[in-house]
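Order of listing sets the numbers, starting from 1, for every ligand and every atom in it. Values below: every heavy atom of this structure, side chains too, minus hydrogens, waters and symmetry copies. If you're wondering where the values come from, they're calculated on a predicted model, not measured in any experiment. The chain is numbered in sequence order, starting from 1.
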Amino acid sequence: MCNYCGCQDMTLIRDYYAEHNATRDLADTIRRQMDDGHYAQARDGIGRLLVELEGHWAGEEGGLFAVMVDRYPEDFADYISPLIEEHRALAAFLRTLDVTDAGQRRAFAEQVLELHEHMLREEDSLFPASVVTFDGDDWTRAIAGWQQAHPGLELIPD
Ligand SMILES: [Fe+2]
Ligand SMILES: [Fe+2]
């Protein structure tokens, strides 16, 4: 987690961090449920995790990422495109995951570690970069993209 540049003071970035923490915690809980043989609970959790991640990804891709790629393509496009591919790959994996299959449970545990690493790449590089790069219009657009992905919700208030 980035604790250096003050990016967590930005409303949108703070929300992305909160979404990361919530989905990481849920993924870790599911992994433990699988380890304990609680497969029905784990299956329910996978459904919730997929919904939460899809919302988070839509908020990133339609918000911060879209502005970064559109406005500063030479700086960010190559960094962001693999992140988006990883979103799609994890969604596809979760959609077909059979929690009763030992091999797939092991694959899920690996995916959780990769998700942690994916989020660190966003937290340590991308989010701080946006803070030093964006102007007011960029933030307005990024927040509008997030809002479109989360109808009826509000960003965490100051
Ligand atoms: Fe992401
Ligand atoms: Fe993310």
Side-chain angles (χ1 to χ4, degrees), residues 1-32 34 42 44-97 104 107-135 137-158:
M1 179 178 296
C2 168
N3 292 309
Y4 315 112
C5 74
C7 66
Q8 290 190 73
D9 293 337
M10 299 294 303
T11 311
L12 178 63
I13 300 297
R14 208 167 53 218
D15 213 284
Y16 286 141
Y17 272 112
E19 292 168 12
H20 279 186
N21 290 335
T23 46
R24 263 193 297 240
D25 287 350
L26 180 53
D28 288 337
T29 298
I30 294 165
R31 194 180 39 72
R32 281 195 299 275
M34 287 179 177
D44 289 348
I46 293 289
R48 283 204 314 279
L49 180 64
L50 187 55
V51 169
E52 286 189 23
L53 281 173
E54 296 272 27
H56 171 64
W57 292 333
E60 284 183 336
E61 293 174 28
L64 196 84
F65 290 9
V67 178
M68 292 180 104
V69 170
D70 193 37
R71 290 261 287 140
Y72 314 97
E74 63 289 346
D75 295 316
F76 300 121
D78 289 347
Y79 197 87
I80 286 175
S81 70
L83 291 170
I84 294 176
E85 284 170 24
E86 288 167 27
H87 294 170
R88 294 295 88 74
L90 181 54
F93 172 78
L94 292 176
R95 253 183 233 115
T96 59
L97 175 58
Q104 293 196 34
F108 177 74
E110 284 167 23
Q111 289 292 316
V112 172
L113 293 178
E114 285 184 26
L115 181 65
H116 283 230
E117 187 271 335
H118 171 105
M119 289 176 168
L120 277 181
R121 261 186 287 147
E122 295 172 341
E123 294 174 1
D124 287 348
S125 301
L126 216 53
F127 296 167
S130 70
V131 173
V132 296
T133 311
F134 277 20
D135 63 21
D137 288 345
D138 292 335
W139 286 115
T140 301
R141 229 186 105 193
I143 288 169
W146 180 93
Q147 191 66 68
Q148 209 171 6
H150 300 282
L153 294 182
E154 288 180 17
L155 288 169
I156 301 164
D158 283 325

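Residues E122 and Y16 are not in side-chain contact: their nearest non-hydrogen atoms beyond the backbone lie 4.5 Å or more apart. Contact annotation: the side chain of I13 approaches that of W139 to within less than 4.5 Å [non-hydrogen atoms, C-beta and beyond].
With sequence neighbours left out, H118 forms a ring pair (Phe, Tyr, Trp, His ring centres under 6.0 Å) with H87. Partners of I156 under the side chain to side chain contact (heavy atoms under 4.5 Å, CB included) rule, at least two apart in sequence or in another chain, are R14, D15, A18. Qualifying side chain to side chain contact (heavy atoms under 4.5 Å, CB included) partners for A142, counting only residues two or more places apart in sequence or in other chains: L12, V67, F134.
With no hydrogens or angles considered, no side-chain donor-acceptor pair links Y72 and T133 at under 3.5 Å.
Nearest N/O/S atom of H20 with respect to the Fe ion (ligand 2) is recorded as NE2.
Within the sub-2.8 Å shell of the Fe ion (ligand 1), the protein contributes these N/O/S atoms: E60 OE1, H87 NE2, H118 NE2, E122 OE2.
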